[in-house]
Amino acid sequence: MTERPLARADLRAIPAYRAGHAAPAGAYKVSSNENPFPPLPGVLAAISDAAASANRYPDFGCARLIAAVAAHVGVEPDQIAPGTGSVAVLGQLMNAFATVGDEVILPWRSFEAYPILVQLSGATQVRVPLRDDSSHDLKAMAAAVNEQTRVVMVCTPNNPTGNVVARSDLMAFLDEVPSNVIVAIDEAYAEFTTAPSALDLVDERNNVVVLRTFSKAFGLAGLRVGYAVGPAFIVTELRKAQLPFGVTRLAEQAAIAALASKGEMQRRVDCINAERARVIEELKSAPINVPESEANFVWLPLAERTAEFAAACASAGAVVRSFDGEGVRATIGEPEAADRWLAVLRNFLGV
Ligand SMILES: *Cc1c(COP(=O)(O)O)cnc(C)c1O
């Protein structure tokens, strides 16, 4: 046997990515929390303008995007670190602040990308289970902080359960976490909730970083743009860890155009939220404990019947996201998609 190159042992422990089931023709894909609306007004024109300069590198510093985002969230440009989706920016944060021997605390179940990003950094993940109502157990998370802890993740609204972290709970938590530990608050679904954002805390604390994305409410999942808002001294380190020229000119111009269509974005979000209210109302009569979601998805804790339900939904033309043995996450999108999986659910639960 000839020897072959071996990747880092911790990397080999990460399961290879399995592509999600593509929705067959005629089926709705409600498995990735995408926006069902086409790109916002002005976005396609911006992309096409930017495409004319495809022979040139984009702006390394993303100055125009940073200026537009800073104005949007109301902070200084040196408090914004952009990247190729907020997942990438979170990866930059892990790589910049955690390494072998360090610990990162995760609420669990939460976003599937977190454990992978922690493992890639070399650090050790410490999972703290959600409470029975699927909210973060912030007391247990604060208690899990030790000398090795570098980052604690907070996901609000939480993917895949939809719960938000209450402001008072967050404040009490921040008072307990030492100021040399970063509290990374993932607000990928901020536009879908009326709960207050943690953005104002960035100026008050030196360890709070908020992550935002253009992939969900702004409908640009395919172009990969997200950003972190944090203290300038943290943002400096995040920018060092970025992929050079990762955010393309197309992505940058599209995101700027999307920000200019904020009113229309909000109108579409209102539409999705109205559909979410309808779906949650329909679910009230079902014997299943669905958390009060404040994002563009709902969580169906079907436990051991999860995989069977997900397969039945796919056959009925609605591809949902299955977390086998735990539950199903269904994106709020086209009403027809929800009607399809709701019919399967009624059948399943015998109501
Ligand atoms: C979708 C999502 C993101 C954003 O991902 P992008 O890389 O910006 O597309 C981040 N966090 C959570 C919890 C998400 O669900």
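Source: prediction; values computed, not measured. Ligands are counted one by one from 1 in listed order, and the atoms in each one are counted from 1 as well.
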Kindly assign one of parallel, tilted or perpendicular to the pair F218 and F214, based on the angle between their ring planes and the thresholds 30° and 60°. tilted
In terms of side-chain heavy atoms, does S197 have a donor or acceptor partner in R212 at a distance below 3.5 Å? yes
Ring pair (Phe, Tyr, Trp, His ring centres under 6.0 Å) partners of F60, counting only residues at least two apart: F245
For residues 153-163, the side chain to side chain donor-acceptor pair (under 3.5 Å) pairs (sequence neighbours left out) are S110-N158, S134-N163, N158-T161, N159-R329, T161-N163
In the hydrophobic cluster built from side-chain contacts under 4.5 Å, what are the other members alongside W299? F323
Is there a donor-acceptor pair closer than 3.5 Å between any side-chain N or O of R321 and the backbone N or O of T331? no
Every residue of the protein that comes under 4.0 Å of ligand 1, judged on heavy atoms: G85, S86, V87, F111, Y114, C155, N159, D186, A188, Y189, T213, S215, K216, R224
